[in-house]
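Notes follow once the structure below has been shown.
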Amino acid sequence: MSCASARRVLTSRSCVTNTYDYVQLIEACIASKSLRQGKIVHQHLLKNGNNNVNTTTNTNNSTAIALDKLTRLYITCNELELARRVFDTIPNTKKENNVILWNLMIRAYAWDGPFERAIDLYNQMIESGVTPSKYTYPFVLKACSGLQAIEVGKKIHDHAKRLGLDSDVYVCTALIDFYAKCGCLIQARNLFDNMSNRDVVAWNAMIAGSSLHGMYYDTIGLLVQMQEVGLIPNSSTVVAVLPAIGEANVLSQGKAVHGYCMRKIFHADVVVATGLLDMYAKCWCLSYSRRVFDIMGVKNEVTWSAMIGAYVICDSTTAALELFDQMLLEGDLSPSAVMLGTILRACAKLTDLSRGRQIHGYTIKSGCFLDIMIGNTLLSMYAKCGIIDDAMRFFDEMDSKDTVSYSAIISGCVQNGNAEEALHIFQKMQMSRINPDLATMIGFFPACSHLAALQHGACGHGYSIVRGFTTDTSICNALIDMYSKCGKIDIARLVFDKMHKRDIVSWNAMIVGYGIHGLGMEALSLFHVMQTIGVEPDDVTFICLLSACSHSGLAMEGKHWFFAMSEDFNIVPRLEHYMCMVDLLGRAGLLDEAHDFIRSMPFKPDVRIWSALLSACRIHNNIELGEEVSNKIQNLGPEGTGNFVLLSNIYSAAGRWDDAAHVRIMQRDWGFKKSPGCSWVEINGVVHAFVGGDQSHPQSAQINQKLEELLVEMKKLGYRAESSFVLQDVEEEEKERILLYHSEKLAVAFGILSLNPSKPILVTKNLRVCGDCHTALKYIAIITKRDITWNLLQQNLSCFSCQSYYCSYELAC
DNA sequence: ATAGGGTTAG
């Protein structure tokens, strides 16, 4: 019966007497995919057909057949919910021998999700006593790999084995595909090797699995072997191979595959062409990507997404947004969640908050707002645009959070200068039983670095070893940074030496580590090693190297490498490099040279450049130049927070109290706030912070008492309060009191009280350590026989006495 | 076929 005649039957109100007629009507609807007509038949069946149900076994049977057909119709028309509702009304007794209908239903879920329902249905099928067929397994296993449900999949593998179906080519290929997609490449390979007849599909499953997990050499090896046994790679093989080539950045291999596609005329296939486009982008060949894109006859939504993504990968962010606009103008396609995610990442890269907010609105309208991937991208976009409060609120309001959500907020907090909150969220993450993965840890270690939270960092290191992350280069880079900033330069070097593969970040991080420890010669010799083994330094390397020279007083070497940078390494110095040089010359006491250097710069000096010089004026007590530089900073406008403090301190130290007060008043009038000097110490994983004169700590009384005791002992050894560091005009005795309650000393005293005497005390400070505290610490270390170490956070505000960022009392300063 | 979170410098 055709659909048109079916419509006639229904609209003529002629009586459909027998359910068999319904079956024919529905079959007509399936053939023409006519959902509307199908629903009308369904209504009739419900009204009239019910009368027939339960009358005779015969009609009952045919009703079941009609319901079976209806289920198929709804599946064909992508109406999964309707299909399921009809499916559930078919009595179990009528479904026992109908494996095909079960398979169809499971396939529908495996195709569009929710995957859980495919697995539920499979289990229900077994419970109802229906024996799965070889067609059942590919579907239910696809659902398992979609959910990465390894354990469930293994159980299903057992079922198949018991039914003797695992030797079937289809089932076995499905199993290989499942194991490979879930990362169980060894199991997949075992099954593959034991197969008696491997067809192209089986090879493709194995290749796709290796490629997906970035196993480049395995992937290419399989591709070669497949041809050796006489099989010809098809377009699916090519599509499977491309991601591995892209990830491994092997352009030559990518071109070879492209050539193969041309010969086989695969390149006209949208999927193949999109794969090629993406591969070229990952090899940073944007122009090739664009050429593939431009000559494509058919482009679909994925193609556009891939091309826009290609621009984002290659840092052509503006071009990505332009192409997106062009696509919207052409008007045929509406952006998917994946594409919106890509656009949001472009906004984040450009810190284009208004555009990001606009896309956020769009995701709400289009409903893909609920997609967890989109949620995470939005979260990260807000964090990268510096709107951490919005990011936090967004995070709290997210319905479901996964590892990525936590990783994004943790690194977001660190990026926005709130490392303490990052550690806090990391702890919450563990309480909510979401396991930190590799990327989480890469975000977590910098939080430890910022707080010098060595215990947290070392725990994270242990966890990373257990989880097998420490073979990863980025993890090791983060560890080098963490250990060196927590004062453990030796461990940092150990991590560096043990690394399987070092990239430029590893070398830079290690050089910085030496720099902040005042080990300029080690930094230089590492730089030398780097060159002898042929590692090309980048622009960051020179910033690291110059700052290392600066903090070790290696002015000559610094100057040499600054000029060599552009002459021998073809690296054009940026403003940052010039800043390092001003800092280097200034610290070395070459104030005039530094000043001349600023005048000769090809850039307009900004606040940071002048501040570097001003700090040098403070170190070398050059009031005249200090005043001049300070005026320059004031003329630059209200960016120079904190510089008033520097100038005021210069006056105070010289006893020019009126001038100092004048600067302070000016600062107040300009509405600047000085960030308070703050010191902290980590005790059993808890960070305790103190500001000067702080009495808010629960153990404040004990701390004060300890300090008074120490003062007596220190005086016996010859300590004299260095009152020039008290920048207020008060009596000597008062000055001694103020100095005693500086945040540095509070933190040290608390460390002595709380930590086992055998344990070293690491005190971290956000600003320069006061010279009196520096001296006092040496006495305290001797009196208490403790290993006490400073850790300074701000590069520009290094240790007052030795001008190293990080300094141990044992150092000769 | 496209796809979320990540390391170094100032």
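Computed from a predicted structure; not experimentally measured. Atom set for the values below is all heavy atoms of this structure, side chains included, hydrogens, waters and symmetry mates excluded.
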Quiz item: For A:Val312, which residues count as a side chain to side chain contact (heavy atoms under 4.5 Å, CB included) partner, sequence neighbours excluded?
Solution: A:Ala320, A:Thr342, A:Arg345, A:Ala346, A:Lys349
Quiz item: Of all residues at least two apart in sequence or in a different chain, which pass the side chain to side chain contact (heavy atoms under 4.5 Å, CB included) check with A:Phe115?
Solution: A:Ala143, A:Leu147
Quiz item: Could a donor-acceptor pair under 3.5 angstrom be found where the side chain of A:Asp269 meets the base of B:dA1?
Solution: no
Once you round it to whole Å, what is the distance between [atom2] of [N] and [atom1] of [X]?
{"X": "A:Ile245", "N": "B:dA1", "atom1": "CD1", "atom2": "P", "answer": "14 Å"}
{"X": "A:Asn204", "N": "B:dA1", "atom1": "CG", "atom2": "C1'", "answer": "14 Å"}
{"X": "A:Phe603", "N": "B:dG10", "atom1": "CZ", "atom2": "P", "answer": "17 Å"}
{"X": "A:Leu584", "N": "B:dA9", "atom1": "CG", "atom2": "C1'", "answer": "15 Å"}
{"X": "A:Ile207", "N": "B:dA1", "atom1": "CD1", "atom2": "P", "answer": "13 Å"}
{"X": "A:Phe569", "N": "B:dA9", "atom1": "CZ", "atom2": "P", "answer": "20 Å"}

Which side-chain N or O atoms in residues 378-388 of chain A pair as donor and acceptor under 3.5 Å with protein atoms at least two apart or in another chain?
| from | atom 1 | to | atom 2 | distance (Å) |
| --- | --- | --- | --- | --- |
| A:Ser380 | OG | A:Lys384 | NZ | 3.2 |
| A:Tyr382 | OH | A:His360 | ND1 | 2.7 |

Quiz item: Taking only residues two or more places apart in sequence, or in another chain, which ones meet A:Asp437 in a salt bridge (charged side-chain N to carboxylate O under 4.0 Å, His left out)?
Solution: none
Exercise. Would you check if the side chain of A:Tyr260 reaches a backbone N or O of A:Pro233 as a donor-acceptor pair within less than 3.5 Å?
Key: yes
Quiz item: Is A:Asp539 touching bases, backbone alone, or none of the nucleic acid, heavy atoms closer than 4.0 Å?
Solution: nothing
Quiz item: Across the strands shown, which category fits A:Val239 at heavy-atom distances under 4.0 angstrom: base, sugar-phosphate, nothing?
Solution: sugar-phosphate
Practice problem: Encode nucleotides 3-8 of chain B as B, S and - characters from 5' to 3', where the letter depends on protein heavy atoms closer than 4.0 Å: B to the base, S only to sugar-phosphate, - to neither. | Solution: BBBBBB
Listing, residues 268-277 of chain A side-chain donor-acceptor contacts under 3.5 Å, not counting sequence neighbours, or none:
| from | atom 1 | to | atom 2 | distance (Å) |
| --- | --- | --- | --- | --- |
| A:Asp269 | OD1 | A:Val271 | N | 2.8 |
| A:Thr274 | OG1 | A:Val270 | O | 2.7 |
| A:Thr274 | OG1 | A:Thr303 | OG1 | 3.2 |

